[in-house]
Participant: 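Mind having a look at this structure? Questions to follow.
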Amino acid sequence: MKSQSISPVQTPLSVDFLVVGGGIAGLSVALGLTRIGHRVLVLEKGDGISNVGHGGIRAPPNMSKVLYRWGLKPQLREVSLASHPILFSKFQTGEIIGVQLWDAELLKETQGEFLLMTHAELYKVMYNAAVTAGAKVRTDAEVVEIDAEQREVRLASGEVLSADVIIGADGERGICRRLVLGRNERVVPSGMSLFDATYSTKLATETMPHDMLEIVNIEGNTVFMSFGNGCAATGYPVVSAHLVLADDISKALQRNYEEIAFQFFLRDEGEEGFYGDPPSTQLRTLLPEVCDPRLRAVGDHASNAIRVAINQYEDLEDWVDDSGHLLLVGQAAHPIAPGAIQGAAMALEDAAVLAKLFSHLTRHEQIESFLCAFQDIRQKRCEVARQSEVGLLALVTMEDGPEQEARDKTMQTRYRAGKNVFDSEDGENGVESEQWVEIRTIFGYDCEDEADNWWVQWGQLRERAKQGDSGINGIPESPNGGFWGAMTIETSTA
């Protein structure tokens with residue numbers, strides 16, 4: 001697949017952005033905005049080291065195609081693996097129940113690839129790209145107070161910083177989300193936690209039967225997913241963080257398969273537990289008694305497992321605060337469960353849409369209406385992605401019973417017939433399954449196209465109305481910065 005790096009349109013008016021939070025979301029926003037000529041300062045409360053996780057990240061095609069357009073394909077190829085197959089098995093026994101291959105036609109349609117990497121390596125790529133583009137990143141810069149009306153933030157050190165726009169990229173528990181919500185959030189534990197770890201490929205596969213090892217095919221970049229009774233696990237090979245620092249990249253690439261990223265989804269009533277916490281010892285105690293011995297070995301010996309509580313957060317009505325100067329992005333705006341495929345992808349899409357909108361900035365008066373337009377474009381898309389991830393987690397952690405038996409029987413029947421898990425049902429004349437249609441739709445979505453469409457259909461009309469100092473076709477301008485501010489912008493998910 002050819003890389004299609006696209007030179008960005010430069011903004012007519014450059015303004016200053018303060019980005020609160022220096023994770024993947026914050027760095028993505030910084031890169032997207034500096035590429036088009038804006039000035040960005042990222043404020044990260046951590047030291048830039050301890051806040052960087054070494055667990056795995058799966059970057060779906062809707063994410064990788066944006067990164068490729070931004071010219072990052074060579075850097076990503078050094079630190080990631082392109083995956084095509086998924087192997088499904090039983091959590092309790094390890095029995096294989098199905099296979100899914102991402103075919104070339106799908107990937108061509110999506111214009112991206114399904115990439116496997118560690119959080120640390122993605123962070124490094126995004127950090128280097130953002131700084132090279134001109135963004136400034138300050139670590140150990142904790143924001144303790146925000147005056148959105150005055151567009152100012154105060155750091156723990158007492159220093160006060162100001163900008164034209166403040167972007168909240170500090171996650172679902174950050175100060176920015178609380179400010180927009182206006183109160184403490186009602187967080188509801190889901191009864192499950194994610195355990196994120198990496199483990200030796202050799203140790204994880206040494207007890208596998210030869211026939212299973214051929215199917216698993218670590219060097220084919222297989223993702224494997226185990227379905228359990230109220231639990232699940234995923235695993236996939238990653239490039240070890242220390243390997244890619246080698247002077248000779250070719251030598252590093254020969255050792256791609258030394259580690260596998262594991263993510264266990266287990267019953268756990270705790271509400272606390274976050275990325276950045278010290279490694280947990282609870283993984284081995286929470287694994288069910290009946291368990292695939294290979295998963296048991298990982299649970300017993302993985303020393304770097306991070307426990308992250310899976311909680312349910314409120315749906316925010318507004319992502320823009322009342323002043324019109326503070327915008328939430330990523331997990332701060334639309335939390336998706338940890339371990340989800342679309343978590344980092346939605347943050348990257350947010351950054352791409354924001355950059356597209358602000359590439360048209362000609363007057364400071366446009367800022368608030370651009371922020372409102374961002375929410376109109378992104379809110380429905382992010383909810384579709386979140387619901388898809390909720391459905392997938394429910395599918396793989398389904399409790400034993402008639403519905404689980406029917407699921408397994410369908411998958412095994414297709415597997416024995418040499419078919420993909422998400423192939424059409426027998427006798428349906430090639431009609432794709434509901435799950436497959438949903439996957440193709442989410443992967444094929446082009447966030448930058450949606451932002452361009454908004455500008456052509458709404459943004460330019462508003463600018464023409466401004467130039468004439470009147471509404472369009474009798475539509476008055478709304479007090480929140482534009483005539484579309486009171487409308488719902490319908491965006492496709494295809």
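The figures here come from the full heavy-atom set of this structure, side chains too, leaving out hydrogens, waters and symmetry mates.
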Participant: Please determine if K356 and D452 form a salt bridge, counting it only when a charged side-chain N lies under 4.0 Å from a carboxylate O.
Facilitator: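 Yes.
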
Participant: Look only at the side chain of Q331 and the backbone of I336, and say whether a donor-acceptor pair between them is shorter than 3.5 Å.
Facilitator: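 Present.
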
Participant: Strictly below 4.0 Å, N to O, side chains only: are R183 and E314 in salt-bridge contact?
Facilitator: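 The answer is yes: the pair qualifies as a salt bridge.
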
Participant: Can you check whether A302's main-chain N or O pairs, donor with acceptor, with R284's side chain at less than 3.5 Å?
Facilitator: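 It does not hold such a pair.
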
Participant: So, for D277 and I306, which heavy atoms are closest and what is the spacing to 0.1 Å?
Facilitator: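 The answer is O-CD1, 3.2 Å.
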
Participant: Rounded to the nearest 0.5 Å, how far apart are CD1 of I167 and CZ of F374?
Facilitator: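 It is 8.0 Å, given to the nearest 0.5 Å.
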
Participant: What is the distance from atom CD1 of I57 to atom OG1 of T118, rounded to the nearest 0.5 Å?
Facilitator: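 So the gap between those two atoms works out to 8.0 Å.
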
Participant: Do I24 and L348 have side chains that approach each other closer than 4.5 Å (heavy atoms only, starting at C-beta)?
Facilitator: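 A side-chain contact is absent here, since even the closest heavy-atom pair is not under 4.5 Å.
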
Participant: For the residue pair F262 and F224, categorise the inter-ring angle as parallel (less than 30°), tilted (30 to 60°) or perpendicular (more than 60°).
Facilitator: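 F262 and F224: perpendicular rings.
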
Participant: Side chain of E142, backbone of A156: donor and acceptor closer than 3.5 Å?
Facilitator: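 Side chain of E142 to backbone of A156: no pair is present.
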
Participant: Less than 4.5 Å apart, side chain to side chain, heavy atoms only: is that true for R386 and P335?
Facilitator: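 Not touching, per the 4.5 Å side-chain cut-off.
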
Participant: Do I442 and R381 touch side chain to side chain, with heavy atoms closer than 4.5 Å?
Facilitator: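 Result yes, sub-4.5 Å side-chain heavy-atom pair found.
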
Participant: Would you please test E121 and K124 for salt bridge (charged side-chain N to carboxylate O under 4.0 Å, His left out) and show each step?
Facilitator: CA-CA 5 Å; E121 291 306 327; K124 184 171 69 174; 3.2 Å; yes

Participant: Just by distance, with hydrogens left out, do E383 and Q379 show a side-chain donor and acceptor under 3.5 Å apart?
Facilitator: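 There is no such pair (donor and acceptor under 3.5 Å, judged by atom type) between the side chains of E383 and Q379.
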
Participant: Give a yes or no answer on whether the side chain of D400 reaches the backbone of N229 with a donor-acceptor pair at less than 3.5 Å.
Facilitator: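 Absent.
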
Participant: Given 3.5 Å as the limit, does a donor-acceptor pair link the side chain of R414 with the main chain of I97, or not?
Facilitator: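 Checking the backbone N and O of I97 against the side chain of R414, no donor-acceptor pair under 3.5 Å is found.
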
Participant: Quick check: do V125 and E78 have side-chain heavy atoms less than 4.5 Å from each other?
Facilitator: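 A side-chain contact is absent here, since even the closest heavy-atom pair is not under 4.5 Å.
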
Participant: Could you give me the CA-CA distance, side-chain angles and deciding distance for V144 and I175, then say whether side-chain contact (heavy atoms from CB on, under 4.5 Å) is met?
Facilitator: CA-CA 7 Å; V144 295; I175 185 174; 5.6 Å; no

Participant: Evaluate whether atom CG of N184 has more than 12 neighbouring non-hydrogen atoms of other residues, nucleotides or ligands under 6.0 angstrom away.
Facilitator: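 Result for CG/N184: open.
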
Participant: Examine distances only and state if a side-chain atom of R407 and a backbone atom of L395 form a donor-acceptor pair shorter than 3.5 Å.
Facilitator: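 Indeed, once roles are kept as given, a pair shorter than 3.5 Å links the two residues.
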
Participant: Quick one: does R177's side chain have a donor or acceptor within less than 3.5 Å of a partner on A332's backbone?
Facilitator: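 Side chain of R177 to backbone of A332: a pair is present.
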
Participant: Could you walk me through whether V396 and T234 pass the side-chain contact (heavy atoms from CB on, under 4.5 Å) test, one step at a time?
Facilitator: CA-CA 10 Å; V396 300; T234 63; over 6 Å; no

Participant: Distance-only criterion, 3.5 Å: show the donor-acceptor pairs between side-chain atoms of residues 338-346 and protein atoms not counting sequence neighbours.
Facilitator:
| residue | atom | partner | partner atom | Å |
| --- | --- | --- | --- | --- |
| Q342 | OE1 | N62 | ND2 | 2.9 |
| Q342 | NE2 | N62 | OD1 | 3.2 |

Participant: How long is the straight-line distance from CD of Q75 back to OG1 of T132, given to the nearest 0.5 Å?
Facilitator: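 Result: 8.5 Å between the selected atoms.
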
Participant: When you look at E448 and K65, which way does the salt bridge (charged side-chain N to carboxylate O under 4.0 Å, His left out) test go after all the steps?
Facilitator: CA-CA 10 Å; E448 292 182 311; K65 69 180 163 193; over 6 Å; no

Participant: Among all residues two or more places apart in sequence or in another chain, which pass the ring-ring contact (aromatic ring centres under 6.0 Å, His included) test with F227?
Facilitator: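 Only F88 meet the ring-ring contact (aromatic ring centres under 6.0 Å, His included) criterion with F227.
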
Participant: Mind checking whether N311 and E185 have side chains closer than 4.5 Å, heavy atoms only?
Facilitator: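 Contact flag for N311/E185 side chains = no.
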
Participant: Which heavy-atom pair separates C176 from I146 by the least distance, and what is that distance?
Facilitator: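 So the minimum-distance heavy-atom pair works out to SG-CD1, 3.6 Å.
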
Participant: Under the criterion side-chain contact (heavy atoms from CB on, under 4.5 Å), I'd like the reasoning laid out for M117 against V238: C-alpha separation, chi angles, the key distance, then a yes or no.
Facilitator: CA-CA 5 Å; M117 67 191 87; V238 292; 5.6 Å; no

Participant: Closest heavy-atom contact between F264 and L295?
Facilitator: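 Heavy-atom minimum between the residues: CZ-O, 3.9 Å.
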
Participant: Consider only side-chain N and O atoms of Y445 and E450, and report whether a donor and an acceptor are under 3.5 Å apart.
Facilitator: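 Result is no, nothing qualifies.
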
Participant: Write down the atom of A355, the atom of L33, and the distance for their closest heavy-atom approach.
Facilitator: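 Heavy atoms of A355 and L33 come nearest at CA-CD2, 4.1 Å.
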
Participant: Looking only at the side chains, is there a donor atom on one of R69 and Q111 sitting less than 3.5 Å from an acceptor on the other?
Facilitator: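 Yes, because at least one side-chain N or O of R69 sits under 3.5 Å from a partner of the opposite role on Q111.
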
Participant: If we ignore angles and hydrogens, is there a donor and acceptor under 3.5 Å between the side chains of Q312 and S190?
Facilitator: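 No, because no side-chain N or O of Q312 sits under 3.5 Å from a partner of the opposite role on S190.
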
Participant: Once rounded to the nearest 0.5 Å, what's the spacing between atom CG of D318 and atom CG of L327?
Facilitator: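 Answer rounded to 0.5 Å: 11.0 Å.
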
Participant: Begin from the C-alpha positions of Y415 and V99 and carry the test side-chain contact (heavy atoms from CB on, under 4.5 Å) through to its verdict.
Facilitator: CA-CA 6 Å; Y415 174 56; V99 173; 3.7 Å; yes

Participant: Distance check, rounded to the nearest 0.5 Å: L67 atom CG versus M126 atom CE?
Facilitator: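 CE of M126 is found 5.5 Å from CG of L67.
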
Participant: How long is the span from the CG atom in L122 to the NE2 atom in H119, to the nearest 0.5 Å?
Facilitator: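 Between atom CG of L122 and atom NE2 of H119 there are 7.0 Å.
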
Participant: Quick one: are R307 and D268 in side-chain contact, heavy atoms under 4.5 Å?
Facilitator: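 Yes, their side chains come closer than 4.5 Å.
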
Participant: State, with a plain yes or no, whether a side-chain heavy atom of I377 is found less than 4.5 Å away from one of N453.
Facilitator: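 Answer no - side chains too far apart.
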
Participant: Taking all heavy atoms of C231 and all of M192, pick out the closest pair and write down the distance.
Facilitator: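 Shortest heavy-atom separation between C231 and M192 comes out as CA-CE, 4.5 Å.
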
Participant: Side-chain contact test, heavy atoms from C-beta onward, threshold under 4.5 Å: evaluate it for R77 versus K73 and give yes or no.
Facilitator: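 The answer is yes; the side chains approach within 4.5 Å.
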
Participant: Are K90 and D408 close enough for a salt bridge, meaning some N to O gap below 4.0 Å?
Facilitator: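 Counted as a salt bridge, because a side-chain N and a carboxylate O are separated by less than 4.0 Å.
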
Participant: Do S28 and D350 have a side chain donor and acceptor closer than 3.5 Å?
Facilitator: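 Per modelled atom types, S28 and D350 side chains form no pair under 3.5 Å.
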
Participant: Provide the closest heavy-atom pair for G22 versus Y123 in the form atom of the first, atom of the second, distance.
Facilitator: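 For G22 versus Y123, the nearest heavy atoms are O-CE1, 3.3 Å.
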
